[in-house]
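Scroll down for the structure; my scribbles are underneath it.
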Amino acid sequence: MTETIVKKNPGGLSGIVAGETAIATVGLEGSGLTYRGYRIEDLAQHACFEEVAYLLLYGTLPTRGELDGFRTRIVQHRGLPDALKKVLESLPAQAHPMDVLRTGCSALGCLEPEATFDDQHQIAERLLASFPSMLLYWLRYHRDGIRIDPATEDPSIAGHFLRLLHDRQPDSVHEHAMDVSLILYAEHEFNASTFTARIATSTLSDFYSAVTGAIGSLRGPLHGGANEAAMALIERFKDPDEAEHAVMEMLTRKEKIMGFGHRVYRVSDPRSEIIQIWARRLSEQAGDLRLYSVSHRIDEVMRREKNLFTNLDFYSASAYHFLGIPTSLFTPIFVCSRIAGWAAHIIEQRADNRLIRPSADYVGPEPRSWTPAADR
Ligand code: COA
């Protein structure tokens with residue numbers, strides 16, 4: 001008689017193919033990432049973030065004229081309605097900036113609702129243009145006590161972000177680093193936040209609801225929040241030896257080290273190799289190698305002890321630090337970039353929609369008889 005071995009479901013939809021996409025491939029051979037067929041290495045080296053966002057939203061790389069038109073529309077969409085500014089002003093100064101963006105997205109959905117699905121590309125461009133505006137309007141109002149005009153003329157989203165944050169023309173190396181980081185964060189197939197957006201979309205809900213839900217999923221430290229958690233770890237240490245000692249203790253206590261490991265990549269995260277080069281370059285430019293050398297030692301320890309590799313979030317943390325970005329804005333930057341990928345997935349889901357509604361293995365009590373309250 002043959003015995004059937006029933007494997008316990010590992011949970012987390014691990015290894016489950018949950019649908020089709022023509023937007024990205026992740027880790028097909030243990031590593032490797034492509035957006036619409038283009039390797040992430042080529043995009044990070046040759047493209048600007050606006051070209052990548054256009055590629056994700058419209059399916060092809062833009063011609064020179066299409067790129068100019070796209071950039072112009074992004075610049076025009078940066079302003080915020082007064083009612084949204086009032087909402088941002090009324091949020092607490094201590095709010096987490098991810099909560100601010102989640103609220104900002106939802107509020108914009110009330111002020112400029114999606115009338116029909118024909119508006120979807122316009123809403124995608126509006127959110128791409130206005131997320132940095134919302135975030136930095138709120139930050140500067142509460143941190144510096146001023147009402148900035150978020151509608152800058154900077155041609156790039158990276159430049160717009162850095163100018164609103166620092167109130168000056170961004171350093172060109174910093175702007176380039178920011179641009180590359182936005183490219184790396186833009187899209188990643190059926191990750192948790194994108195899947196959230198697709199689930200909401202599959203109910204035929206509106207664009208803003210799908211993105212608001214996605215921001216909520218991205219906030220957690222197992223997903224987008226890992227870059228902030230990685231920074232909190234790295235900045236504790238004065239040198240690599242202290243970092244090694246502490247990380248060894250954390251591993252003994254079976255604690256997770258944020259910025260390591262991945263659900264899909266098995267060999268390496270190709271985005272990490274790119275941002276690591278930038279983290280090193282920025283730390284050398286700043287003449288401060290402490291954070292980079294601490295990061296590098298933690299990387300070595302994790303490979304040696306756990307055979308785990310850095311994901312994008314780990315070296316992004318020190319790179320952002322050298323761009324003068326406060327740690328609490330790290331995950332919101334992810335939103336400013338990933339909106340391109342979320343939007344592409346919302347549009348793709350709508351094009352061939354079926355309600356996403358899986359089933360569960362029931363592990364609860366056997367059927368039982370009702371007992372009145374007095375007899376329990
Ligand atoms: N630090 C220490 N150990 C880790 C680890 C990490 N960052 N990531 C995975 N592991 C270990 C787990 O403890 C587990 O070990 P065990 O089998 O001895 O229990 C094993 O590797 C598998 O981990 P698991 O959490 O089950 O894998 P997953 O596929 O469910 O999770 C992540 C993937 C990304 C959630 C996970 O690697 C993680 O939590 N990383 C840290 C958060 C992070 O950087 N997130 C950003 C992802 S881009």
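Just so you know, ligand 1 is whichever comes first in the structure, and atom 1 is the first atom listed for that ligand. From a predicted model like this one, the values you see are computed outputs, not experimental measurements.
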**Asked** Hey, looking at atom 11 (C) of ligand 1, which of L308, I257, T310, N307 has the closest heavy atom?
**Response** L308

**Request:** Assess G259 for proximity to ligand 1: is some non-hydrogen atom of it under 4.0 Å away?
**Result:** yes

**Message:** If you measure every N or O of F260 against every N or O of ligand 1, does any of those distances drop under 3.5 Å?
**Reply:** yes

**Asked** Hey, does M302 sit under 4.0 Å from ligand 1 if you only count heavy atoms?
**Response** yes

**Message:** Check this for me: R304, atom CZ, are more than 12 non-hydrogen atoms of other residues, nucleotides or ligands nearer than 6.0 Å?
**Reply:** yes

**Request:** Using a strict 4.0 Å threshold on nitrogen-to-oxygen distance, state whether R219 and D99 make a salt bridge.
**Result:** yes

**Request:** State whether D299 and R303 are salt-bridged, where the test is any N-O pair (Lys NZ or Arg NE/NH1/NH2 against Asp/Glu carboxylate O) under 4.0 Å.
**Result:** yes

**Message:** Between E348 and R198, does any side-chain N to carboxylate O distance fall below 4.0 Å?
**Reply:** yes

**Prompt:** What do you think, any protein heavy atom under 4.0 angstrom from atom 23 (O) of ligand 1?
**Reply:** no

**Message:** Using a 4.0 Å cutoff against the non-hydrogen atoms of H223, which atoms of ligand 1 qualify?
**Reply:** 46 (C)

**Request:** Provide the number and element of each atom of ligand 1 under 4.0 Å from a heavy atom of D313.
**Result:** 46 (C), 48 (S)

**Prompt:** Mind checking whether P221 has a heavy atom under 4.0 Å from ligand 1?
**Reply:** yes

**Message:** Tell me if the aromatic rings of H262 and H188 count as close, with their centers under 6.0 Å from one another.
**Reply:** yes

**Message:** Could you tell me, atom by atom, which parts of ligand 1 come under 4.0 Å of a heavy atom of R263?
**Reply:** 28 (P), 29 (O), 30 (O), 33 (C)

**Item:** A158 backbone acceptor or donor facing D179 side chain under 3.5 Å
**Value:** no

**Message:** With a 6.0 Å cut-off (strictly less than), is the heavy-atom count around CD of E255, excluding the residue itself, greater than 12?
**Reply:** yes

**Prompt:** Are any non-hydrogen protein atoms located under 4.0 Å from atom 27 (O) of ligand 1?
**Reply:** no

**Message:** When you measure from atom 5 (C) of ligand 1 to the protein, is at least one non-hydrogen atom found at a distance under 4.0 Å?
**Reply:** yes

**Asked** Between H121 and Y58, does the ring centroid distance fall short of 6.0 Å?
**Response** yes

**Whether F70 and Y54 hold their rings parallel, tilted or perpendicular, with breakpoints at 30° and 60°** = perpendicular

**Residues H46 and E51: side-chain donor-acceptor under 3.5 angstrom** = no

**Prompt:** In terms of atom number and element, which parts of ligand 1 are under 4.0 angstrom from non-hydrogen atoms of M258?
**Reply:** 41 (C), 42 (C), 44 (O)

**Asked** A226 heavy atoms, cut-off 4.0 Å: which ligand 1 atoms fall inside?
**Response** 43 (C), 44 (O), 45 (N), 46 (C)

**Message:** Using a 4.0 Å cut-off to any heavy atom of L222, which atoms of ligand 1 qualify?
**Reply:** 39 (O), 45 (N), 46 (C), 47 (C)

**Item:** Under 4.0 Å to a heavy atom of G261 - the qualifying atoms of ligand 1, by number
**Value:** 34 (C), 37 (O)

**Message:** As a test of the contact definition, would atom 18 (O) of ligand 1 count as having a protein heavy-atom neighbour under 4.0 Å?
**Reply:** no

**Prompt:** In terms of residue, atom name and distance, what is the protein heavy atom nearest to atom 48 (S) of ligand 1?
**Reply:** H262 CD2, 3.7 Å

**Item:** salt_bridge(R36, E187) N-O dist < 4.0 Å
**Value:** no

**Message:** Can you confirm whether some protein heavy atom lies under 4.0 Å from atom 36 (C) of ligand 1, or whether none does?
**Reply:** yes

**Request:** Mark up the atoms of ligand 1 that fall under 4.0 Å of a heavy atom belonging to K306, in ascending order.
**Result:** 3 (N)

**Request:** Using distance alone, decide if ligand 1 has a nitrogen or oxygen within less than 3.5 Å of any nitrogen or oxygen in N311.
**Result:** yes

**Request:** Starting from atom 25 (O) of ligand 1, find the nearest protein heavy-atom neighbour and note its residue, name and distance.
**Result:** K256 NZ, 2.5 Å

**Asked** Parallel under 30°, tilted from 30 to 60°, perpendicular over 60°: which one fits the rings of H176 and W278?
**Response** perpendicular

**Asked** Looking at E284 and R280, does any basic side-chain N land under 4.0 Å from a carboxylate oxygen?
**Response** yes

